[in-house]
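One structure is given here, and the rest of the page talks about it.
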Amino acid sequence: MNNGIYSTVTNYDGFIVRRDAVVFISKPDVLEHDDYRRSTLYTCANGTWGHQAIPFMVQSSMVVAYDDSKTPFKIFSIGEMSGIMEIYWPMGLKIEREYLPGATSERGLLHLKQIREVDGKILVVGISSQIFMRDDSGWHVFNQGIEPPQLKVENSKKGLTTQELGDWEGHLLDLHSIDGCSIGRLYAVGSKGTIIYRGDGTWRRLPKLTNAYLRRVRVISPDVVFIVGDEGVLLKGNSESGFSFVDTGIKDDILGVEWFNGKLYLGAGTTGVYVYDGTSVSKVPGLALSECHTLHSGAGQLLAVGNKDSYLTDDAIQWKLLRNPNNE
């Protein structure tokens, strides 16, 4: 399927909507790396592909299921540089767009990193201590406890001394991922080994174990939380008992993490997919994917997303190739 505009595309995100139906967020390779003006939502349902243009670059996307036969799900996508959230209804019957706090049609929000649903609330994190929550009443700034110091005038920081500027910037957290088993117990992770936790109405920093960039947090239960990051980092624990390292033996950056059939799956940037069975980490056999940045489970299936190719499985043994026809 060549849509007449683009030849090849690169996958930036992907997830399972229902059994054998997958959505990919992709960027046309013809665009420059810093061109954030558009991206494409591709659907693959039982081998049939479709696409929908998005007028901004999507950084992260997700599906939320509803108990409604007319609207069984909605797809939520957040712009990397725009501060826009797009809500896509099944079959494109309706498309809505909302601005996060501080964003307008004239001013975007820089470097948002992940969108996640917890307890019916939508959460977004990004650099500079950005955390937002959307509930029934709308969007709210949600970074209480780690918010940056308030400045009377935005440009007043130009008058700060080098020491003062360093102190001010030291309060800003570059956050990459957020997850929780309830809205009352949330974790977020990011650069320089940052782990923060919200359990009493405000965020607080947890003890630092590494300087590695932490890419994803996945909460399995109140007691079992996994965090992955650069240089093969895998942490297991929780806010009460603390976190400890799991020896992965992976000499690569772990970018994706997902729980599937009682095991933890890890997506590495240049070496593919691994599995942790609670005892050891090993390479997933029979999967011809040399790099993986996103993992997602749903409807009894596991999806592994690479830059060009992706694979879907029922059992993590037999894998089905999902290749965008633009990349043929």
Side-chain angles (χ1 to χ4, degrees), residues 1-3 6-31 33 39-54 57-63 65 73 75-78 80 88 113-116 177 215-216 218 228 250 252-261 263-275 283-328:
M1 174 190 66
N2 190 311
N3 59 20
Y6 312 127
S7 55
T8 61
V9 299
T10 296
N11 299 320
Y12 278 68
D13 204 352
F15 49 89
I16 299 166
V17 175
R18 53 180 171 79
R19 188 166 183 81
D20 294 320
V22 175
V23 165
F24 296 100
I25 302 298
S26 305
K27 183 176 182 177
D29 291 335
V30 70
L31 299 180
H33 75 280
S39 54
T40 306
L41 182 154
Y42 286 95
T43 60
C44 179
N46 296 306
T48 299
W49 288 78
H51 67 277
Q52 170 72 38
I54 301 176
M57 182 60 217
V58 173
Q59 171 63 26
S60 180
S61 193
M62 68 176 185
V63 62
F73 66 87
I75 296 170
F76 294 81
S77 302
I78 193 72
E80 181 177 1
Y88 180 89
K113 293 299 182 181
Q114 189 184 33
I115 185 170
R116 193 84 174 161
S177 180
R215 300 286 178 173
R216 284 289 182 263
R218 190 72 175 92
V228 300
I250 300 174
D252 195 0
D253 296 340
I254 303 176
L255 308 178
V257 61
E258 185 58 292
W259 185 257
F260 179 69
N261 287 352
K263 297 179 181 179
L264 189 75
Y265 288 81
L266 310 170
T270 61
T271 54
V273 180
Y274 299 78
V275 59
K283 192 76 178 290
V284 171
L287 178 57
L289 188 64
S290 59
E291 35 74 23
C292 176
H293 56 69
T294 300
L295 292 162
H296 182 256
S297 65
Q301 296 180 305
L302 176 66
L303 175 71
V305 182
N307 291 331
K308 297 300 181 183
D309 290 337
S310 301
Y311 286 83
L312 187 66
T313 183
D314 294 332
D315 55 13
I317 298 175
Q318 300 294 324
W319 297 81
K320 178 182 179 181
L321 172 64
L322 303 180
R323 176 177 293 163
N324 191 311
N326 278 29
N327 290 337
E328 296 286 355

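Taking 4.5 Å as the limit, some side-chain heavy atom of Gln59 sits within range of a side-chain heavy atom of Lys113. With contacts defined as side-chain heavy-atom distances shorter than 4.5 Å, the pair Val9/Phe24 does not qualify. The shortest side-chain heavy-atom distance between Leu255 and Arg216 does not fall under the 4.5 Å cut-off. Within the 4.5 Å cutoff, the side chain of Asp13 has no heavy atoms near those of the Val58 side chain. Put simply, the side chain of Gln52 does not reach to within 4.5 Å of the side chain of Val23, judged on heavy atoms. Residues Leu312 and Ile16 form a side-chain contact, since some pair of their non-hydrogen atoms from C-beta on lies under 4.5 Å apart. Proximity of Ser77 to Ile25: side-chain heavy atoms (C-beta onward) are separated by under 4.5 Å at one or more points.
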Review point. Could you go step by step and tell me if Leu322 and Leu303 meet the side chain to side chain contact (heavy atoms under 4.5 Å, CB included) rule?
Key: CA-CA 10 Å; Leu322 303 180; Leu303 175 71; 4.2 Å; yes
Practice item. List the steps, then state whether side chain to side chain contact (heavy atoms under 4.5 Å, CB included) holds for Val273 with Glu258. Key: CA-CA 11 Å; Val273 180; Glu258 185 58 292; over 6 Å; no
**Study point:** Candidate pair Val22 and Ser310, rule side chain to side chain contact (heavy atoms under 4.5 Å, CB included), full reasoning
**Key:** CA-CA 10 Å; Val22 175; Ser310 301; over 6 Å; no
Point to revise | Test side chain to side chain contact (heavy atoms under 4.5 Å, CB included) applied to Tyr88 and Ile54, step by step | key: CA-CA 10 Å; Tyr88 180 89; Ile54 301 176; over 6 Å; no
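Residues Ala268 and Asp252 share a closest heavy-atom pair of CB-OD2, 3.3 Å. Between Lys308 and Glu291, the shortest heavy-atom distance links the atoms N-OE2, 4.2 Å.
Judged by distance alone, with hydrogens and angles left aside, the side-chain atoms of Asn11 form a donor-acceptor pair with the main-chain N or O of Gly306 at under 3.5 Å. The closest donor-acceptor contact from the side chain of Thr313 to the backbone of Gln318 lies under 3.5 Å.
Rounding to the nearest 0.5 angstrom, the gap separating the NE2 atom in His296 from the CD atom in Gln301 is 11.5 Å. The SG atom of Cys292 sits 12.5 Å away from atom OH of Tyr265, with the distance rounded to the nearest 0.5 Å. Separation of atoms CG (Asp20) and CG (Asp314) is listed at 7.0 Å; rounding is to 0.5 Å. A distance of 4.5 Å separates CH2 of Trp49 from CG of Asn324, quoted to the nearest 0.5 Å. Ile250 contributes atom CD1, which lies 9.5 Å from atom NZ of Lys283 (distance to the nearest 0.5 angstrom). The distance from the CE atom of Met62 to the CD1 atom of Ile75 is 11.0 Å, given to the nearest 0.5 Å.
Phe260 pairs with exactly one of Asp315, Leu295, Leu302 by the side-chain contact (heavy atoms from CB on, under 4.5 Å) rule, that one being Leu302. Partner of Gln114 under the side chain to side chain donor-acceptor pair (under 3.5 Å) criterion, out of Ser60, Ser177, Ser61: Ser177 alone.
For the side chain to side chain donor-acceptor pair (under 3.5 Å) test, no residue two or more places apart in sequence or in another chain qualifies with Tyr12.
A donor and an acceptor atom, one from each side chain of Asn307 and Thr10, are nowhere located under 3.5 Å apart.
Open room surrounds NZ on Lys263; 12 or fewer heavy atoms of other groups in view lie less than 6.0 Å from it.
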